[in-house]
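Following: one structure in structure tokens, then a few remarks.
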Amino acid sequence: MALERTFSIIKPDATKRDLTGKIVAKFEEAGLRVVASKRIHLTKAQAGEFYAVHKERPFYDELCEFMASAPIVAQVLEGENAIAKNREVMGATNPADAAPGTIRAEFAESVGENSVHGSDAPETAAVEIAYFFSGLELVG
Ligand code: CMP
């Protein structure tokens with residue numbers, strides 16, 4: 001299979017606890033190379049635009065508040081089957097359901113404050129990468 005790229009966010013609950021290095025180590029150990037990375041502090045409006053697909057969900061406002069509550073680290077990860085591999089390394093959305101050894105099992109605090117986001121399909125990966133990075137910032 002060809003190399004694939006996926007989009008990742010290390011969320012405020014994790015940056016606040018200085019878990020960025022430990023989380024990136026999990027990506028790299030799984031064969032996911034960081035080809036772009038930036039630490040930024042989103043506004044609530046920017047978080048809301050990123051998560052617009054969840055606009056009608058009851059947790060949308062809480063999610064946007066949380067994502068704007070502290071810095072995030074936005075990254076592009078590259079590797080064989082990167083989208084599925086990243087989802088495997090992250091574990092289930094709810095840390096209570098996440099397999100042992102996954103990022104969410106080890107670090108997440110709740111379903112809302114679950115340490116990482118990862119794209120769920122090639123189409124969303126392309127849109128999410130383009131929201132945060134220009135082509136010139138992707139360095140393979
Ligand atoms: P993420 O993969 O970033 O995609 C959408 C996010 O919504 C998800 O991770 C969770 O952090 C959040 N989310 C999903 N379900 C709930 C919930 N029941 N309550 C609060 N946040 C949620």
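Remember, it's a predicted structure, so these values are computed and weren't measured experimentally. Every number for a ligand or one of its atoms is a count from 1 in the order of the listing.
Annotation: Asn114 places an N or O atom under 3.5 Å from an N or O atom of ligand 1; distance criterion only. In terms of N/O distances under 3.5 Å, ligand 1 is approached by Gly112.
Of all the listed residues (Glu113, Met90, Lys11, Arg87), Lys11 holds the heavy atom that lies closest to atom 9 (O) of ligand 1. With His54, Arg57, Met67 as candidates, the residue nearest to atom 5 (C) of ligand 1 on a non-hydrogen basis is His54.
Under a 4.0 angstrom heavy-atom cut-off, Tyr51 registers as being in contact with ligand 1.
Close contacts between ligand 1 and His117 involve ligand atoms 1 (P), 2 (O), 3 (O), 4 (O) [criterion: under 4.0 Å to a heavy atom]. Per-residue contacts place Arg104 under 4.0 angstrom from the following atoms of ligand 1 (heavy atoms of the residue considered): 2 (O).
For Lys22, the NZ atom is loosely surrounded, since the number of other residues' heavy atoms within 6.0 Å does not exceed 12. More than 12 non-hydrogen atoms from other residues, nucleotides or ligands lie less than 6.0 angstrom from NZ of Lys38.
Nearest heavy atoms, Thr6 versus Ala125: CA-CB, 4.2 Å. Heavy-atom minimum distance, Ile72 versus Lys11: CG2-CA, 4.4 Å.
Here ring-ring contact (aromatic ring centres under 6.0 Å, His included) pairs that include residues 12-35, with residues two or more places apart or in two chains, number zero.
Scanning all protein heavy atoms for the shortest distance to atom 20 (C) of ligand 1 gives Phe59 CB, 3.4 Å.
Both the backbone and the side chain of Val111 come within contact range of ligand 1, each with a heavy atom under 4.0 Å.
The shortest distance between side-chain heavy atoms of Phe66 and Phe59 does not fall below 4.5 Å.
A salt bridge is defined here as a Lys NZ or Arg NE, NH1 or NH2 lying under 4.0 Å from an Asp or Glu carboxylate O, and Glu65 with Lys44 meets this definition.
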